[in-house]
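In the text below, chain A, chain B and the rest are named by the order of the sequence lines, each starting its count at 1.
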Amino acid sequence: MEEILKISKLSVEYRSGDTVAKAVNGLNMTLYKGQAMGLVGESGAGKTTTALSVMGLLPDKIGYVTGGDIEYKGQSLLKMKEKELNTIRGGKISMVFANPLSSLNPVFTVGHQITMVLRQHGHMTEKEAHAQAAKFLQMVGIPEYRMDDYPHQFSGGMRQRVGIAAALVCSPEILIADEPTTALDVTIQAQILELMKDLQKTMDSSLLMITHNLGIIAELCQTVAIMYGGEIVEYGSVREVFEHPMHWYTIGLLNAVPKLTGKRERLASIPGNVANAQMLPEGCKFHPRCGHCTKVCQTKQPEMICVNENHYVQCWEHGGNL
Amino acid sequence: GSADNPAKPAGGDQAASASSKTVDTSGKVTLTIGSNADQVSTLDRFVNVGYGCDDLDYLIFDPLVNSDHMGTYSPGLATEWTQADDYLSYTFTLREGVKFADGSDFTSADVAATFERIRDDKTLTDTGAWGDLESVETPDEKTAIIHLANPMPTFYDELYRVPIICKAALEADPEGYFLAPVGTGAFTLDSFDQLTGQCIMSRNDSWWGWDEIDNIKTNVDIIDYQFIGEDTTRASALRSGDMDIVLQLSADYKKDLEAEGFPMLEVASDTHIHIEYNCGENSQFNNKDLRIALSEAIDREAIVSSVIGNGNAATWPCPEGNVGYKADAEGYKYDPEHAKSLVEASGYDGSEISMVYTSSSFIRADEVAQAVQSMAAEVGLNVKLEPLEQAAFTDRRSSGTFDIILGAFASTAGDTQTEVAVIIGFDVFGSQYVNPEMSDLCAQVRTCGDKEERTKLIEQVFQIEMDEMAPFSYLYSPSYLCASASNVSNYNVFADGSGEYRFVQMK
Amino acid sequence: MFKKILRRLALTLIVLVGVTIIAFALVRLAPGDPAVQMLPATATQEQIDNMRTRMGLDQSYVVQYFMYIGNLLKGDLGYSFHFNMDCGPLILSRLLNTAKITVIGVIIALIISIPLGLVAGIKRGSALDTCATAFALCGQAMSPVWLCLLMILIFSVGLKWLPTQGVGSWKNMVMPSLCVGFAFCSLVTRMLRSSMIDVLQEEYITATRARGVSKFQVYVKYAFKNAILPIVTISGAQLGILLCGSMVIEQIFNWPGLGQLTVTAISSRDFQLVQSILLIVAVIMVVCNLIVDILYTFIDKRISFN
Amino acid sequence: MNRKDFTRRMWKSKLFLIGLAGILVIAAVCFLSPLFVQFDPLKAELTNRLAAPEGIFGGLSKHIFGCDPMGRDVLTRLLLGGRTSLLIAFSVVLITTILGLIIGLLAGYYGGIADLILMRICDIMMALPTLLLAICVVAVMGSSITNLVVVLSITGWIMVARVVRSTVMSIRDCEYVKAARVLGIPNSKIILKEVLPNVISPVIITATQAFGGMILTEASMSYLGLGVPAPSPSWGAMISDGREYIATAPWVVIVPGIALMLTVLAFNFLGDGLNDILNPKNKD
Amino acid sequence: MTEIKKVNKIEAGTSGQSTQKPLLRVEHLKEYFKIPSKGYLHAVDDITMDIMPNETLGLVGESGCGKSTVGNVLMRLLKPTGGKIFYEDKDVTKPSKKENLELTKKTQMVFQDPYSSLNPRKPIRSILSEPFKINKTAEGRELDEKVRKLAERVGLEPYVLDQYPHELDGGKRQMVGIARALAMQPKFIVCDEPVSALDVSVQATIINLLIDMQKEMGLSYLFISHDLSVVRHISDRVAVMYLGQIVEIAPTDTIFSNTLHPYSIALLSAVPKIDFEEQEKRIVLTGDVPSPMNPKPGCRFAPRCWMACEECKNKDQELTEVEPGHFVACGRWKESREMELKLEREN
Ligand SMILES: Nc1ncnc2c1ncn2[C@@H]1O[C@H](COP(=O)(O)OP(=O)(O)OP(=O)(O)O)[C@@H](O)[C@H]1O
Ligand SMILES: Nc1ncnc2c1ncn2[C@@H]1O[C@H](COP(=O)(O)OP(=O)(O)OP(=O)(O)O)[C@@H](O)[C@H]1O
Ligand SMILES: [Mg+2]
Ligand SMILES: [Mg+2]
């Protein structure tokens, strides 16, 4: 399979005043062509930060990439000039944002917000762009006549569909979806998921699905990466990871989810506090909350080890015989 | 100005270069005047209070009789006049060959129309002085006889302020006449902006007055008269060359403007700044000693020289040169020591004395008030300032609810004593001062036609006023300070504030 | 939309009735007999009474009010006894004068402040931002009296570039306009800067950039349209206030505008003129707000008009 | 925001610190001036009329900033005037803020008829410009410091009430207010304990900015002859009375002008600084 | 229908067969909001249900269907437009002041958004002392002690008491919210989506806490959520709401195994599942949530229902008991059952 996006040893910090938040810490990840990959992790794990770094959109003067590299088809995105980046953003790599309420500009018509992408990348005339945008809107289930409406005239689900249409309209090779359904209702969420599934298949683009809903990953993705404290702690095919989780965080996560079927057991919650990017612990980032923590966990960062070709994990319990 | 500007004077000093715009593109010499009078909204002098309208009316119209505003009268539209012995009728022989700006002839009918309007038109506001006007008789085209019901001591002083209007034009357009008046004057109206009061007039080359002896024909083609209320702005306008003459600046400008090469004109005014005591039963100033004390506490010279910068300190209840002025009499004194002892003796308890005044009524009112306050404090009088807006001030004064008032009155007719007689006699200003003798004298003054007799009467009034220190104690008369560009000469401003611009010359 | 505007106008009517009552009461509460103000100091009681009758002051307040309202309904704003003319044309021409300097001032202010505020907001913390902020603060700290006097000293007396006062050519308008515009300019600069900073933090801006739109375009085309919203509101309100005339500026530059007229009208107790000015001023404010609201609905469709 | 947080952010906000320091210094100098001034600020000393400044090196016994037209020391008057101006601004801001807060809180929290009437009153008042109303009211009541405060307060509270009202309306539906109601806490207590602390920061910001505005308004009022009556000085009155001398004795105007500007600046700094500090959007 | 599994946790909780008196009962509850110039928004339109002591009733439905409104009415935050509320058989629809105070002690609420449900300007200690102060149950030292105990009980460390809400994460805040409600020693708590803003791991903590507290204090919950798996986990019975009406109500296991109303079926199938063995075919509802403005008669779900007929569109559907304790408001529930089975077979 063709490697399309390769993130290696990426570190990102947010600096403001004296405080430094290490949001991403040496993250490695590879996305292949046509693949749908899930990125799971609790709030503050650094999922959005990773996505924004790929897009080169970390907030000015606050977010800094402090190490590592992001390569798109072998080209380093981090070293790229703004102008080149602009041709890639929206054209080759596009992104769907978490909150459909705030990610559409309230003072432009949805039609404009889609054609804007086409005008930027497709070198189309106004008319062509309009036709193309209409086509995509219809594809996501919004009739053409609503092109001239403003975002507030749409419901949340429709707005998110507009966001998806705008992201897909240039047939990007990579689609990054940052929690595209969190703000939506169950039934609407189902609509959006079906839509994304279909579109990703028909357009054969790669998908990076960011969420903390494990069910979505199970339905949509082939591979999954579990993120904790700004790094990937477990990685592999969805089935492998979900059925045989190895990292204690993954295990905790899976146990914490109430099931729709089967016996109703007491939920296993992960003790302790969510990792704070401003004061990450030494060693394994998860160790303060881990019931199986040993001395080495507290001092040394474990390596990512390969369990089998479909499963990698970063945990002392499985790595090295210390 | 254009390059071949004939009026451009040699030399490059500031003032001179400022006046380069006096000749406009058409080659006409234009004189701009910046006035601080209340802006006029019609050229009808009987509905406007203030000298602004007088200024304009003198240019556009002629009165029957001209005056130097000092008691000397010269022929205007009337070449000769006589008065009846009972002072109840005046006969005028009118000038021949005078034409109005619209080309019509000036006749006695116009005189009649002028005075009948004053008598009959109840919408006019400033006709109080003509209350005794009975009728105008016109035996022929060139004779007019004015009949009065009672003797009117100020007849001539009022007369020169009555512009003779054109009967035909007035009847043709009674509403619009005073917006575009037709007169016989030295200038004819080009435009009058009712909203700003700006008035542009051009010289009337066929004016009869140019041929009179002593008169020099002006070389100004156009006079542009504007109203600029703000002092600073007016002075700046002269400095920047926008204005050729600016009227009534405060004295502080004198030194600087003179240094910058602007000729100044300083004229003693008829305005009289005074302190009015509330002499009512319940007032502290019912006590004569306290009135005298306050008067003696005030260093009038200091106010004139330091605060105002020009003008004359009052020595007597009327300014020098006025009817009733006594040079040799013992007048106002400055004696703080004596004042202090009077205050102590009076049993004054140190309570607040409110001094009501309005800052807009005369130049530097605020500062004079503060000076008075601090001088009063020296002798132990605790004066509190109470500045009021004009309308509120008038109300307050007529209601008599005050301790003292810092006020001013300007005799627009140049004949102070009659107005004084009215004000004191009727207690118009609410001083509640009761003195039957004085009231009686005042009543006589008002109807006394004979000048000498009147002078005697008014002298008596003033003497009482001086002795009783009531109801007024006068402080000073300010001077009017006017400035012009260096190339302007031969204009004059009178004691009542109005000016003579008909013969002005521009180099 | 049209219906809504009509409804809004109906509401406005309530406000205007309130204004007429306040205006009517205020002038009558003020001490000072207007009839006396119109007459010389030595006027007799008969003259005063005569004047009072002419001015309609001999009627009861209720009658006076309803006569005033009745005349208003006939389109008659009353008669100014101080200016000896009808209030309607008087106010109109003064209003036009004020509008001249206001519009020019506001336009100049916008031309300066919009780019300045925009750049300051984008380049937050830069030297330019500091300058813009300093300028904005100065504008708000400067007393208008002072500003006018300094301007005259510099431009008229010193440099002799501009006439000191009065109406006439365009040159006369320069200084009053600048003075009118100055505070407004600084206000807009400051507001635009902060609203730009806010907008740039919004997610839709990131989203727009994620679509490959260049920074410049994002700022100038997209973010600007969002950032301008609060400016529209404040401009409308300010324009309303400015259109009512700046008394200080007009007085100093001898500019015959509405502000100067107001001062004169009040101090001469020209009742009908004061009432009508207050009414017109209220109408201006209301209309300005209405225009702002309509504009707003055009820029931001979220805001439903009501 | 709690106290700890506030202090921390406060120390980081240069604007706030400069503004606060400026105001403290100005206020301290003005209010302590009776301790060290050498001249009587009210008594005319006509011989010293418009005496030129002696410069800083002249010492306090000379006229550092010269004399005014009444021969009074400009510095002394400046300090006393500062007291007046600051006091006026302070009282007005205090009154309008309290009034605005009360009305805004009630209208915003209870809504309904009271709110409707209040908003119409606001509309009417908003339709009449402040200065205009002020002229009318001063004409009615005459000008004195108290009246000036009353006048400026009459028009000032509307702005505050509107700000408070809209903030309260957004807070009213917050879940913590609901929670308080569910706990059975009476409305009066909810307003005082739950709502008020949360509207106070926009109000503080509005108030500091209004402070500077009030000083300027007082100056404009003085120009129109509606300000602090003589001989008490205020900065506005000093500027407007001294304007005749701007060309001949500029110190009479320039000194109070600069003082006024600095003070307004300081208050603006303070307001902006507070805005930075209290606005959670500005992360440190 | 014989295949209905009966593994109910608490069988006594089911309505109908119970001999126990309900703790809370609402009858024909209505809540309309007047929208100026548009008409009435029927947020809650004729709801009848009861909650037994020590029972959890789950309330699910789409956003805007009126779940919170039900909760708010029960908490007397809104006055009902119509219908009656009984608490322990006493009509409390229009409580007197005294009754209100009594009710305040017995019924409490936990809110959805842990970020806005705590006053940002108060330290946690002060937030938690409020209930005691209101009841005047404790003062001074005793109050401190009680607050500390309370915090401990919900699993908050004592240091948290001196922190401000913004210093806490969502889970801790929600714990504070729960503690505040528990402080009044209530019998009944409305939990309005208490976990929907939280992360899975934190969510588990809170759910466990709620269950523990229920056991400990014998509480009843009205548990509002749109997350079916959570509802299933915590509830004894579940009511499904659609556009202001209850369309189905049944014991939890019944409703998940024997779903009858088409909307419930769709809702259930919409949940993404981590189940690799039986990947169900999903029923995706087309269209958006309709507006509750001035609804027309007829089944409200009909416009989105895949099996709606003419009759559905015109006739109001009554909530009827189709089996003991299982109520459905659908005239064609038998067919829908078949549809569901068919779908299951397809997989
Ligand atoms: N603009 C910012 N300034 C400072 N810190 C930030 C900023 N954005 C994010 N962070 C910090 O970086 C860390 C990672 O944040 P990020 O938004 O990437 O997490 P996430 O996994 O997307 O979480 P969520 O599920 O809540 O969206 C967090 O600790 C967060 O506090
Ligand atoms: N105070 C109110 N005024 C007017 N309409 C209201 C009000 N409160 C709620 N509504 C409307 O009533 C309907 C039901 O609202 P409610 O909050 O009960 O829904 P919900 O089921 O809790 O939704 P969510 O899952 O989004 O919380 C919605 O359409 C809502 O817009
Ligand atoms: Mg995120
Ligand atoms: Mg809800």
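- Considering every non-hydrogen atom in both C/R190 and D/D272, the closest pair reads NH2-OD1, 2.7 Å.
- Note that CZ of D/F269 and OG1 of C/T133 are 9.0 Å apart. Values are rounded to the nearest 0.5 Å.
- Taking every heavy atom of both residues into account, C/A141 and D/M261 meet most closely at CB-O, 3.5 Å.
- Summarising the geometry, atom CE belonging to D/M125 is positioned 12.0 Å from atom CE belonging to C/M285; distances are rounded to the nearest 0.5 Å.
- The CD1 atom of D/I239 sits 4.5 Å away from atom OG of C/S143, with the distance rounded to the nearest 0.5 Å.
- Heavy atoms of C/L153 lying under 4.5 Å from chain D belong exclusively to its side chain.
- Within a 6.0 Å sphere centred on CZ of D/F90, heavy atoms belonging to other residues, nucleotides or ligands number 12 at most.
- Contact annotation for C/V19: both backbone and side-chain heavy atoms come within less than 4.5 Å of a heavy atom of chain D.
- Atom-to-atom distance recorded for C/L150:CG and D/I254:CD1 is 6.5 Å, nearest 0.5 angstrom.
- Around CD1 of D/I113, the count of heavy atoms belonging to other residues, nucleotides or ligands within 6.0 Å does not exceed 12.
- Contact between D/I124 and C/V15 at its shortest, heavy atoms only, is CG1-O, 3.8 Å.
- Judged by distance alone, the side chain of C/W146 and the main-chain N or O of D/I258 form no donor-acceptor pair under 3.5 Å.
- When heavy atoms are compared at a cutoff of 4.5 Å, C/I284 does not approach chain D at all.
- The shortest non-hydrogen separation linking C/I14 to D/R120 is CG2-CD, 4.5 Å.
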